[in-house]
Protein chains: 2
Amino acid sequence: MPTASDFERLLRGASLRVTAPRIAVLSAVHSHPHADTDSIIGVVRQNLGAVSHQAVYDVLRALTGAGLLRKIEPQGSVARYEARVGDNHHHVVCRSCGAIADVDCAVGHAPCLDASDDHGFAIDEAEVIYWGSCPECTTAAKSS
Amino acid sequence: MPTASDFERLLRGASLRVTAPRIAVLSAVHSHPHADTDSIIGVVRQNLGAVSHQAVYDVLRALTGAGLLRKIEPQGSVARYEARVGDNHHHVVCRSCGAIADVDCAVGHAPCLDASDDHGFAIDEAEVIYWGSCPECTTAAKSS
DNA sequence: CGCCTTTTCTGGAATGAGTCAAGTTAATGA
DNA sequence: TCATTAACTTGACTCATTCCAGAAAAGGCG
């Protein structure tokens, strides 16, 4: 678990100003991977007291733009954020409860970037989402 | 381009009632792949006259559930629908203009379904979205 | 062919994530 | 410390999607 000064270094490294809301958001996302915006707001307020939701939205956008956070939004879910960036990993999403887990890329290093026919697009990223049923929901479904 | 009676057969095959809005929606999605809900409503109204947006939403959900349509919603975009189902293809999305194109699966037949570590999830589908820049936007960016 | 049940469609109101805008506050760098 | 500029607050607002209750139509059956 990184400390506040680690986060401060991260922010400075991205030439972003160091403010309490930003550190709180970074910390919240680090300790709650795949959390949605609302939960993040909750965690941040628990640490800092009153913080406007607007500030959290702004911070999330700034940090996502700077590459410190990654935004994911699987179908039917609101936006979620995670702190693992730059390691090209993917996600499994449970169809029934929405749980999300990380999955390292199956084939090796940044592999899935090959489309059979790219229609002239300049492709810079391949995003993979695996859909299925998490262990809990699988068990629950069997016993019913 | 399938005809109205083709769509009727599709609907009956899925044991869904055959109604004008449903045929119009099917037809609209077939002729406008990757259209968002609003455009679909527009096309349907052009063919049928007044149709409530609610009916279109209901129809889209029913058809998606029956497997006649597929819903896709890339980040930052509203829901879009397409009629190509059951052939495990993926999409390229342009980061700047949002254009979407189809991409057949890179490695062969339902290939990407292997995650390195599935965390106990029972995975039934792998969804791949390639991000990049479409030919138009690539050209526009160079000339600026 | 016409009735009955069930599903679908209409119209309008409601929900909720996310955005906009204007003004205030605070971090940074000289 | 002071000026500059980015970040935060407040509050209203947008817009896709959903909910609700009543009207209409589809399909099955006599």
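So that the names make sense, note that chain A is the first sequence line, chain B the second, and so on, each numbered from 1.
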Let me have the donor-acceptor pairs involving side chains of residues 48-69 of chain B, under 3.5 Å, with sequence neighbours excluded, atom names and distances please.
| from | atom 1 | to | atom 2 | distance (Å) |
| --- | --- | --- | --- | --- |
| B:S52 | OG | B:A55 | N | 3.1 |
| B:Q54 | NE2 | B:D58 | OD1 | 3.1 |
| B:T64 | OG1 | B:L60 | O | 2.5 |

Practice item. Any salt bridge (Lys or Arg N to Asp or Glu O under 4.0 Å) involving residues 6-17 of chain A? Give me the pairs, sequence neighbours left out, ordered by first then second residue. Key: A:D6-A:R9, A:E8-A:R12

Practice item. For each nucleotide in nucleotides 11-23 of chain D, reading 5' to 3', give B when a protein heavy atom comes within less than 4.0 Å of its base, S when such contact involves only the sugar-phosphate, and - otherwise. Key: B----SBBB----

**Study point:** CD on B:E73 to CD1 on B:I129, rounded to 0.5 Å
**Key:** 9.5 Å

Review point. Salt bridge (Lys or Arg N to Asp or Glu O under 4.0 Å): which pairs involve residues 32-52 of chain A, sequence neighbours left out?
Key: none

Practice item. If a protein heavy atom is under 4.0 Å from the base, mark B; if only from the sugar-phosphate, S; if neither, -; do that for nucleotides 3-9 of chain C going 5' to 3'. Key: ---BBSS

Check your understanding: In whole Å, what is the span from the CG atom of B:L48 to the C1' atom of D:dA25?
Key -> 14 Å

Practice item. May I ask you to evaluate whether B:R12 reaches the phosphate of D:dG27, defined as a side-chain N or O under 4.0 Å from OP1 or OP2? Key: yes

Exercise for review: Rounding to 10 degrees, work out the angle separating the end axes of the helix from C:dC1-D:dG30 to C:dA30-D:dT1 (five pairs an end).
Suggested key: 40°

Revision key, fill the gap. Ring pair (Phe, Tyr, Trp, His ring centres under 6.0 Å) filter on A:H119, not counting sequence neighbours, yields none

Review point. For residues 25-35 of chain A, which residues have at least one heavy atom under 4.0 Å from DNA chain C?
Key: none

Review point. From B:H32 NE2 over to B:S39 OG, what is the distance, rounded to the nearest 0.5 angstrom?
Key: 8.0 Å

Review point. Parallel, tilted or perpendicular: which describes the rings of A:H30 and A:F7, with under 30° parallel and over 60° perpendicular?
Key: tilted

Exercise for review: Taking side-chain hydrogen bond (donor to acceptor under 3.5 Å, both in side chains) as the test, write out the residues that go with A:S77, two or more places apart.
Suggested key: A:R80

**Study point:** Reported NE2-to-CG distance for the pair A:H89 and A:D102, which is rounded to 0.5 angstrom
**Key:** 3.5 Å

Review point. Can you hop from A:V103 to B:I123 via hydrophobic side chains spaced under 4.5 Å?
Key: yes

Review point. With sequence neighbours excluded, what pairs up with B:E82 under the salt bridge (Lys or Arg N to Asp or Glu O under 4.0 Å) test?
Key: B:R70

**Study point:** Non-neighbouring partners of A:T19 that pass side-chain hydrogen bond (donor to acceptor under 3.5 Å, both in side chains), sequence neighbours left out
**Key:** none

Revision key, fill the gap. By ring pair (Phe, Tyr, Trp, His ring centres under 6.0 Å), B:H34 pairs with (sequence neighbours left out) B:H91

